[in-house]
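Presented below is the structure to which this report refers.
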Amino acid sequence: MTVLEYLKNIGVEEKNMGIKVNDLPNYIEHPVWDSRTGRWLIIKSVVYEQETAKVYATDGSCREVPVGMGETWLWRTEGQ
């Protein structure tokens, strides 16, 4: 069973949405779901560059998101 299936089974509605690029700093120190890797991560910091936003996680990984995207592939749950 995946984490998303588990959340659905316990009543969390499937209204998960990608975090908007401009809202990424609001999720620092919060767990988010990386739909590309299928893993939870905690955002440590966000650095905006001209064309990308670099999202650094507490596990030492970094994800680059094009600034022009409306939403990222990093998801939040409805309660966050």
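All values below were derived from every heavy atom in this structure, side-chain atoms included, with hydrogens, water molecules and symmetry-related copies excluded. Quick caveat: nothing in here was measured; it's all calculated off a predicted structure.
Legend: residues meeting side-chain hydrogen bond (donor to acceptor under 3.5 Å, both in side chains) with Glu64, ordered by chain and number and at least two apart, are absent. Under the rule for a side-chain contact (heavy atoms from CB on, under 4.5 Å), Asn22 has no partner lying at least two apart in sequence or in another chain.
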Distance-only donor-acceptor pairs under 3.5 Å for side chains of residues 43-55, two or more places apart:
| residue | atom | partner | partner atom | Å |
| --- | --- | --- | --- | --- |
| Tyr48 | OH | Val21 | O | 2.6 |

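By the rule that hydrophobic residues join a cluster once side-chain heavy atoms approach within less than 4.5 Å of another member, Leu24 and Tyr56 end up as members of separate clusters. Leu74 is not connected to Val67 by any chain of hydrophobic side-chain contacts under 4.5 Å among Ile, Leu, Val, Met, Phe, Trp and Tyr, and they are in different clusters.
Among residue pairs with one or both ends in residues 23-37, those qualifying as salt bridge (Lys or Arg N to Asp or Glu O under 4.0 Å) are Asp34-Arg63; sequence neighbours excluded.
What you find for Asn26 and His30 is that their closest heavy atoms are O-CD2, 3.7 Å.
Grouped by direct or indirect side-chain proximity (heavy atoms under 4.5 Å, Ile/Leu/Val/Met/Phe/Trp/Tyr only), Ile42 sits alone.
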Steps toward side chain to side chain contact (heavy atoms under 4.5 Å, CB included) verdict (Trp73, Ile19): CA-CA 7 Å; Trp73 55 86; Ile19 299 170; over 6 Å; no

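Note: Asp59 CG to Trp40 CH2 = 14.5 Å, rounded to the nearest 0.5 Å.
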